[in-house]
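Below, all heavy atoms of this structure are taken into account, side chains as well, without hydrogens, waters or symmetry copies. Just so it is clear: chains get the letters A, B, ... in the order the sequence lines come, proteins before strands, and each one is counted from 1.
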Amino acid sequence: MMPPPNVTGVLHLGHAWDNTLQDIIVRFRRMQGFDVLWLPGTDHAGIATQARVEKALREEEGVSRHELGREAFVERVWAWKRRYGQNITEQLRALGVSCDWSRERFTMDEGLSRAVREVFVRLFEKGLIYRGRRIINWCPRCATALSDIEVEHREVEGALYHVRYPAADGSGELVVATTRPETMFADVAVAVHPDDDRYRGWIGRRVRLPLTEREIPVIADAYVDPAFGTGCLKITPAHDPNDFEVGQRHGLEMPQCIEADGRLNEWAGPYQGLTCEEARQRVPEGLAAGGFLGKRESIVHAVGHCSRCDTVVEPFLSDQWFVRMEPLAQAALAALGRGELRFVPERFEKVFVHWLENVRDWCISRQLWWGHRIPAWYCGDCGGVTVAREDVTTCGECGSTDVRQDEDVLDTWFSSALWPFSTMGWPDDTADMLRYYPTNVLVTGYDILFFWVARMVFMGLEFTGRMPFREVVLHGLVRAADGRKMSKSLGNGVDPVEVIDRFGADALRFTLANGTSPGNDQRFHWERVEGSRHFINKIWNAARFVLMNVPAEADLPEPEQVNLEVADRWILHRLAETVREVTGHLERADFGEAGRALYDFAWDDFCDWYIEFSKLSLYGVDERRRSLTQAVLVHVLDHLLRLLHPFVPFVTEGIWRHLPGRRQPLAVADWPVARPGHADPHAVRQMNAVKEAIRAVRNIRSERSVPPSKQVPMLIRCQDGEAEALLESVRPYLVRFCQLSDLTIGVDVQPPELAVTAVVSGAEIFLPLAGLADMQEERARLERERQRLAAEVERVDKKLGNPQFVAKAPAEVVAAEREKAADYRAKLAAVEERLAALGKADGA
RNA sequence: GCGGCUGUAGCUCAGAGGGAGAGCACCACCUUGACACGGUGGGGGCCACAGGUUCGAUUCCUGUCAGCCGCACCA
């Protein structure tokens with residue numbers, strides 16, 4: 001189930017990340033043979049879409065939505081949706097998402113709208129939706145109510161004014177402290193703490209509200225913090241949520257002095273018509289003129305801002321619809337307690353639980369036109385409210401035909417909360433509901449944990465009795481290179497389409513999925529995308545190499561263990577290991593680790609070592625050998641492509657088509673299973689020894705500036721017959737990769753007089769570099785080596801000498817240390833012997 | 001105030017109770033018959049700090065410092 005993006009929005013990197021991860025899961029599971037449904041769709045995004053269309057209307061035609069009228073305006077939004085609604089889904093297609101487009105849904109589709117109504121009516125009938133006059137968050141600019149989580153609190157520097165409220169009987173005054181002097185016209189009381197000795201005598205008296213002739217009572221309420229400001233608090237129930245509660249407790253009036261447009265009304269007397277901001281300047285001036293203003297302190301306090309337009313949000317008393325959260329949250333908490341939902345990473349469960357435990361009722365009505373209109377009708381005769389699934393023409397209470405539908409629409413998130421089941425045909429018992437609900441996994445950003453995940457959880461539980469998903473995988477945000485959030489205002493956003501145009505969708509996908517850890521943010525760097533492209537290019541070239549060297553129509557056999565050489569057995573072992581790792585990481589939704597395992601295997605093991613090794617047999621004369629190598633090459637490439645496919649579907653599919661005998665698309669090929677028969681730790685040890693020898697020689701050549709093209713002779717003295725057999729078996733590789741003119745391998749090889757030596761596990765390597773070898777330097781080099789090895793021996797000996805370690809550490813760890821000790825000791829002895837020999841040669 | 005995340009190579013970031021890793025950047029060499037979007041070799045890190053647990057801690061625990069993010073009604 002795809003988190004539905006805003007239908008008229010544009011794709012950003014967050015979407016790209018989210019959908020890449022989902023697509024990886026989907027492709028992976030599909031290849032594993034699961035019956036996978038990935039359902040795409042878009043969200044009507046009430047405020048955002050309406051604002052966008054309004055802006056366009058204003059700019060292009062100079063008309064407001066009010067001039068157009070509701071019906072015409074909504075039609076215009078639909079037209080807009082029809083015109084631009086495909087944008088974002090086309091961008092998703094470009095990203096390569098493999099969802100089922102035939103099932104695409106839109107939150108305002110008929111079916112989904114029906115689900116919305118059904119849910120609304122049922123919740124209303126159950127008493128879980130109610131209409132009430134409450135303080136809500138009002139955005140003056142969007143001209144609508146907002147829910148608590150659509151408000152962002154930010155620390156802002158403000159002023160705390162001390163205002164004198166004279167006693168009504170003329171004896172004394174109370175000083176209240178306020179940051180919002182403009183709301184004083186709606187004050188209905190001054191509150192003090194009941195235990196505050198300073199003001200005990202004032203309780204029950206009256207004070208006169210400055211700038212007006214009104215008198216208001218002094219009341220006692222424990223909400224007041226005596227230590228803050230002056231300990232006197234003005235109570236403005238209509239413009240402050242806490243004051244509202246105080247007002248309710250004391251049965252106070254709740255006059256409003258600020259209107260929905262953010263301007264003061266007649267309660268403000270001479271200040272009527274001013275905006276809040278203007279009034280915040282002018283009222284203190286008026287107070288000062290009247291001698292009512294005390295001191296002014298600077299204060300930093302948290303002020304709510306509209307999460308969409310950043311306007312300061314006004315607490316505003318009005319009639320709104322709410323969802324009663326307590327029972328729903330309790331049910332969600334109970335289900336969580338039963339372990340019905342798994343969070344990846346786990347830590348988000350705590351955040352989630354905390355939110356549910358403290359959640360307040362959800363304000364769901366929005367003063368917009370674009371959205372699901374609230375299915376409630378008010379009767380002009382009896383005042384009754386009728387809530388119904390079908391539009392009504394008569395009052396449900398008195399039968400009057402003078403009914404009028406509520407003007408408001410529902411919060412966009414109300415419909416997205418139903419997404420997991422509304423998209424499957426709920427409330428009908430559809431086949432899809434039976435087959436696909438509950439879903440397995442939800443992937444989304446942690447930034448909408450409350451907005452969306454939480455609400456799907458309690459709606460799902462309430463209406464289907466099940467968690468809508470068993471697992472929720474949360475990822476972070478894509479940030480700009482400097483670590484800041486990408487935002488329109490900063491202009492530091494990166495357009496995924498541009499990334500795709502420049503580097504390809506695969507490169508973008510690989511970048512987003514790779515090298516990240518679960519739940520953490522990532523920064524976007526063009527260099528990383530470039531790196532991904534290089535990797536993909538490497539794969540492409542490796543594939544080209546394989547295809548060039550394999551007959552097009554060949555019916556290559558599955559590689560058989562018995563006939564294979566070290567390198568073959570080693571690469572098959574590494575492949576099996578990689579299959580296991582990648583599968584495991586994907587099952588745990590650890591995409592970064594899966595990507596890393598693939599990167600390392602593909603680049604280091606396959607390209608840098610195996611392909612290089614394969615060239616010898618491919619270009620050699622032994623036909624049997626050649627066809628075996630071809631079989632291994634194709635086998636490994638085949639499996640590598642399968643493993644890579646969820647990450648980079650385009651390139652892998654493209655290469656796959658060229659592989660001999662591949663008729664089915666890669667997307668429906670089987671996911672590889674590690675073959676136990678390919679496990680070969682012995683081959684790994686052998687190959688490591690070979691790699692060590694090759695590296696040692698390359699190192700020497702590089703250090704001694706022996707040109708890569710210059711061939712040199714080499715002698716290897718082996719510790720035992722086993723080492724000899726191994727090195728002998730890879731003789732051609734040594735000759736080639738070390739650029740040798742001659743190679744002697746044996747147990748009783750005599751070191752030449754003048755030679756550079758490298759000690760590796762099981763053998764000593766001699767390069768008789770007469771003329772090139774500087775014995776002075778050689779001695780110094782061996783001395784450094786001796787010291788390094790001596791330090792290692794000492795460290796390991798110390799460990800093994802500790803009886804506690806031998807007694808308590810796991811046996812395999814101890815055994816490994818013993819093996820290391822033996823290896824280091826042998827190497828050290830060889831180096832020391834060599835040094836001694838050099839000394840003799842020098843002296844002689 | 002409560003909760004969480006992060007601190008590892010010049011940069012961006014992985015990692016894991018037993019000898020510090022990758023990519024990029026850097027230095028040297030290399031037009032070797034897939035790939036210069038490449039190859040080979042190399043330099044570079046008291047794994048923020050201080051305690052504790054452990055035979056053993058960069059990894060687990062506690063605290064400190066620094067950066068960041070949620071949540072919260074302090075007027």
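- Here A/K799 does not reach the OP1 or OP2 of B/rG18: none of its side-chain N or O atoms lies under 4.0 Å away.
- One interatomic measurement links the two molecules: CG of A/L233 to P of B/rC74, which rounds to 13 Å at whole-angstrom precision.
- Not a single side-chain hydrogen bond (donor to acceptor under 3.5 Å, both in side chains) links A/S741 to another residue, sequence neighbours left out.
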Does the ring pair (Phe, Tyr, Trp, His ring centres under 6.0 Å) test come out yes or no for A/F737 and A/F613, once each step is laid out?
CA-CA 9 Å; A/F737 298 118; A/F613 270 42; 5.2 Å; yes
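- Here the separation of B/rA16 from B/rG33, taken at their P atoms, is 41 Å to the nearest Å.
- Between B/rU59 and B/rA75, the distance separating the two C1' atoms is 47 Å to the nearest Å.
- Residues that satisfy the side-chain hydrogen bond (donor to acceptor under 3.5 Å, both in side chains) test with A/S617, not counting sequence neighbours, are A/T629.
- Contacts of A/H153 with the nucleic acid, taken as non-hydrogen atoms under 4.0 Å apart, are absent.
- Ring planes of A/H239 and A/F316: tilted class, angle from 30 to 60°.
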Indicate for each nucleotide in nucleotides 9-14 of chain B, in 5' to 3' sequence, whether protein heavy atoms under 4.0 Å reach the base (B), only the sugar-phosphate (S), or nothing (-).
---SSS
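- Take A/H635 and apply the ring-ring contact (aromatic ring centres under 6.0 Å, His included) test, not counting sequence neighbours, and it matches A/H639, A/H678.
- When heavy atoms are screened at a 4.0 angstrom cut-off, A/P810 is found touching base atoms of the nucleic acid.
- Note on A/N802: only backbone sugar-phosphate atoms sit closer than 4.0 angstrom, heavy atoms only; bases stay farther off.
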Dot-bracket for RNA chain B, 5' to 3', Watson-Crick and G-U pairs with both distances under 3.5 Å, [ ] for crossing pairs, | for partner on another strand, reads (((((((..((((....[..)))).(((((.......))))).....(((((..]....))))))))))))....
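- Remark: A/Y199 engages no residue in a ring-ring contact (aromatic ring centres under 6.0 Å, His included) (not counting sequence neighbours).
- Under the side-chain hydrogen bond (donor to acceptor under 3.5 Å, both in side chains) criterion, A/R574 pairs with A/E577, A/D605, sequence neighbours left out.
- Looking only at atom types and distance, the side chain of A/N242 has a donor-acceptor partner in the side chain of A/Y223 under 3.5 Å away.
- As a whole-Å value, the separation of A/E812 CD from B/rG56 P is 20 Å.
- With sequence neighbours excluded, the residues that form a ring-ring contact (aromatic ring centres under 6.0 Å, His included) with A/F185 are A/Y271.
- Rounded to whole Å, the distance from CG on A/D187 to C1' on B/rA75 is 11 Å.
- For the pair A/R484 CZ and B/rC69 P, the interatomic distance rounds to 12 Å; values are reported in whole Å.
- Between B/rC60 and B/rU53, the two C1' atoms lie 8 Å apart (nearest whole Å).
- A gap of 16 Å separates the C1' atoms of B/rU64 and B/rU6, to the nearest Å.
- Counting any heavy atom pair closer than 4.0 Å across all strands shown, A/E817 reaches sugar-phosphate atoms only and no base atom.
- Each of A/Y446 and A/T179 has a nearest nucleotide on RNA chain B; the 5'-most of these lies closest to A/Y446.
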Assign a letter to each nucleotide of nucleotides 28-40 of chain B from its 5' end: B, base within under 4.0 Å of a protein heavy atom; S, sugar-phosphate only; -, no contact.
--S--BBB-BSSS
In a table with atom names and distances, give each donor-acceptor pair under 3.5 Å that connects a side chain of residues 800-816 of chain A to protein atoms at least two apart or in another chain.
{"unit_1": "A/N802", "atom_1": "OD1", "unit_2": "A/Q804", "atom_2": "N", "d": "2.9"}

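- Separating the C1' atom of B/rU32 from that of B/rG23 is a span of 26 Å, rounded to the nearest Å.
- B/rU58 and B/rA36 have their C1' atoms separated by 37 Å, given to the nearest Å.
- Rounded to whole Å, the P atom of B/rG67 lies 39 Å from the corresponding atom of B/rA28.
- Rounded to an integer number of Å, the gap from NE2 of A/H354 to P of B/rA72 is 8 Å.
- The CG-C1' distance, from A/D482 to B/rC68, rounds to 13 Å in whole Å.
- Picking from B/rC71, B/rC69, B/rG3 the nucleotide with the shortest atom distance to the side chain of A/F450 gives B/rC71.
- Distance, A/D243 CG to B/rA75 C1': 7 Å, rounded to whole Å.
- B/rG39 and B/rG56 have their C1' atoms separated by 40 Å, given to the nearest Å.
- Considering only residues two or more places apart in sequence or on other chains, A/D590 meets the side chain to side chain contact (heavy atoms under 4.5 Å, CB included) condition with A/P518, A/H585, A/E593.
- A/H475 meets the ring-ring contact (aromatic ring centres under 6.0 Å, His included) test with A/W17; sequence neighbours excluded.
- Contact annotation: the side chain of A/F343 never approaches that of A/V351 to less than 4.5 Å [non-hydrogen atoms, C-beta and beyond].
- Protein atom CZ of A/R360 is 14 Å distant from nucleotide atom P of B/rC71, rounded to whole Å.
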